[in-house]
Amino acid sequence: MKQVLICARLLCDSIFQNIFFLQDVSAGEKTTDEREVKLSTIQSGAEGSIKIRGVMFGDVGGEQRFRSEMTFVRADTGEISEKIDTYTFSPTRSTLSLSLNISDEIIAYQEMQGELRYRNNGEVTFPEITITPKWPDGFTLLQTTPSMISGVIHIPAIEPGDEGIVTFGGVLNADAETATFFFDPAFRFDNTSYRQEQLTRNSRVQTPPLRLTQTTSSGPLQPGASATFVIRYELVGEKAIHNLSFWIEVRNPFFKESIYRATFSQEDEGRSIELGTTGEVVVTIPVGSSPIIQKDSDPFENFSAVTRAFATYTLDGLEKPITSRSTSLSTPITTPVVLESFGRYATKTGDQIGRGPLPPIVGEETKYWIFWHLNGTTNPLEQVRIEGTLPAGVRFTGRQTASQSSGVTFDSAQRTVHWNAARVEPTLKPGNKIIGIAFELGITPNEGQVGQTPNLIEQMRLTATDAFTGAAIVKAGKDVSTNLAGDIMADGLGSVIKP
């Protein structure tokens, strides 16, 4: 009797059941979407095949295994038996089509663009796609569309037949022969990430034909003054360049603009230069007297101007202008100083703090209070000294107050009042303490001062060292006389009269 198999069934499955989606199984004329196929009776010596169609989510280049299990009953013995076979393979590509487009040649320090194209060539929806780029050394990314989140580009689910483009742009700030870009795509399914084929592009790097450097001849920049930047250039390419223009880019609260262009004489405007040409252009930039603070989160202390030199030009055979860039230059900015000096006979609220007759009378003493305020500083100051000279007929009474240090000192030989501090912290930021100093002076006018408003203190000045830039600070203050405009009690009563 020949051996006959009856009630045979075949179970086909992936070892990784969670990433294989069965579409159908066909055996002869039978088709099912179940994982189990019933084959009925198989005569001895018969053969056949079963086709399995489905979609697998897995790593490209990874290992995948399928297991086929057949169970059957022997007609001669009634014994139940089984056969198992495992097939192992490695997917070489995915129905998620990805291509990388970057120029075979890029120019260092020149903005470049690239794109990633994707298409779902399969029959099922791809869940969220992630692309993790690895940029060449020295590459500065300027933008991607869609935007990157924590260094990763995210693409929403892609339906069958859908396609799209990821764009990116940046600058290679390095002198290298080649630049290699890597992109590692993957998709997530059920909290598991599956790698796709890595995209790689190796581009030749061309040195910009115009090399730029920048320096400043100003040292630490001074608020309220002008900063001078020198752009030096050298043509190292083999072709002449045309339509040359230069500018300095700066972003800092001390500067009103972000771009300052070099000025040329009429014959130099848009000029061309030949191989080996070197030269320099000067860009003068006004520095604001104080920083323009937009919001409280902006920095208030230790400012530096970060500048970069640029040049645009054209080459023969290229319509699009080329831009050369220098490296960035950071130049510290010396602190601004606001030094106020004024006198009072009465407070703003009308309380009398002065003593003696108003207007001042010849031969009689009138006492006033002098106020010094130091504020608006962005850097710490060291070895700070504020002083003023007392004219003849004015005396220091000894009454005083100060917000820092021990108060003022009177030098009777030099007839100066001075205040010293080893260090004063920045005062610009809201909430920081400003320096306030006040002291009392008495003046006894003489006959020669009748009709005049004599000075109470003069030749006032501040000296200090900027702890951030090392620059010497010298700031002059205003003389204070008996003409106290705005004083509730003394305004208009500053001219000396006779008894």
Any donor-acceptor N/O pair, [X] side chain to [Y] backbone, under 3.5 Å:
X	Y	value
Asp479	Gln459	yes
Thr453	Thr482	no
Asn483	Gly494	no
Asn455	Pro391	no
Arg415	Val394	yes
Thr465	Ala472	no
Ser203	Ser103	yes
Asn375	Ile434	no
Gln352	Gly354	yes

Would [X] and [Y] count as a close aromatic pair, with their ring centres under 6.0 Å?
X	Y	value
Phe410	His418	no
Phe246	Tyr233	yes
Phe168	Phe183	yes

Exercise for the section: Just jot down the side chain to side chain donor-acceptor pair (under 3.5 Å) partners of Glu364, sequence neighbours excluded, or say none. Expected result: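 Result, side chain to side chain donor-acceptor pair (under 3.5 Å) vs Glu364: none returned.
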Any Lys/Arg nitrogen of [X] or [Y] sitting under 4.0 Å from an Asp/Glu carboxylate oxygen of the other?
X	Y	result
Glu234	Arg232	no
Glu249	Arg308	no
Arg395	Glu365	yes

Problem - Stepwise side-chain hydrogen bond (donor to acceptor under 3.5 Å, both in side chains) test for Gln113 and Thr167 - result: CA-CA 7 Å; Gln113 303 290 330; Thr167 62; 5.9 Å; no
Practice task
Give the intermediate values and the outcome of side-chain hydrogen bond (donor to acceptor under 3.5 Å, both in side chains) for residues Thr334 and Thr469.
Solution key: CA-CA 6 Å; Thr334 299; Thr469 65; 3.2 Å; yes
With heavy-atom distances below 4.5 Å as the criterion, would you say the side chains of [X] and [Y] are in contact?
X	Y	value
Pro454	Ile443	yes
Glu301	Asn379	no
Pro332	Leu221	no
Leu96	Pro185	no
Pro336	Ser289	no
Tyr345	Trp369	no

Completion exercise
Heavy-atom closest pair (Val287 atom, Gln222 atom, distance to 0.1 Å) is CB-O, 3.6 Å
Practice task
Can you run down the side-chain hydrogen bond (donor to acceptor under 3.5 Å, both in side chains) pairs that involve residues 177-187, sequence neighbours left out, and say none if there aren't any?
Solution key: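 Checked against side-chain hydrogen bond (donor to acceptor under 3.5 Å, both in side chains) - neighbours excluded - the pairs reaching residues 177-187 are Thr180-Asn202, Asp184-Gln198.
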Exercise for the section: Check the pair Phe187, Thr130 against side-chain contact (heavy atoms from CB on, under 4.5 Å), reporting the backbone distance first and the verdict last. Expected result: CA-CA 6 Å; Phe187 64 86; Thr130 62; over 6 Å; no
Practice task
Consider only side-chain N and O atoms of Gln214 and Thr307, and report whether a donor and an acceptor are under 3.5 Å apart.
Solution key: yes
Exercise for the section: Examine the side chains of Thr312 and Ser245 and answer whether a donor and an acceptor come within less than 3.5 Å of each other. Expected result: yes
Practice task
Applying side-chain contact (heavy atoms from CB on, under 4.5 Å), run through Met460 and Trp372 and close with a yes or a no.
Solution key: CA-CA 10 Å; Met460 180 192 167; Trp372 289 342; 3.3 Å; yes
Practice task
May I have the step-by-step check of side-chain contact (heavy atoms from CB on, under 4.5 Å) for Thr401 and Phe439, ending in yes or no?
Solution key: CA-CA 6 Å; Thr401 182; Phe439 50 92; over 6 Å; no
Practice task
Please say whether more than 12 non-hydrogen atoms of neighbouring residues, nucleotides or ligands are located less than 6.0 Å from CZ in Arg119.
Solution key: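 Yes - once you tally the heavy atoms of other residues, nucleotides and ligands closer than 6.0 Å, there are more than 12.
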Exercise for the section: I would like to know whether Leu441 and Ile457 meet side-chain contact (heavy atoms from CB on, under 4.5 Å); could you show each step before the answer? Expected result: CA-CA 9 Å; Leu441 298 178; Ile457 191 168; 4.2 Å; yes
Problem - Audit row: Thr389, Glu458, side-chain hydrogen bond (donor to acceptor under 3.5 Å, both in side chains) steps and yes/no - result: CA-CA 5 Å; Thr389 301; Glu458 55 194 15; over 6 Å; no
Exercise for the section: List the steps and the verdict of side-chain hydrogen bond (donor to acceptor under 3.5 Å, both in side chains) for Thr427 and Thr377. Expected result: CA-CA 5 Å; Thr427 60; Thr377 53; 2.8 Å; yes
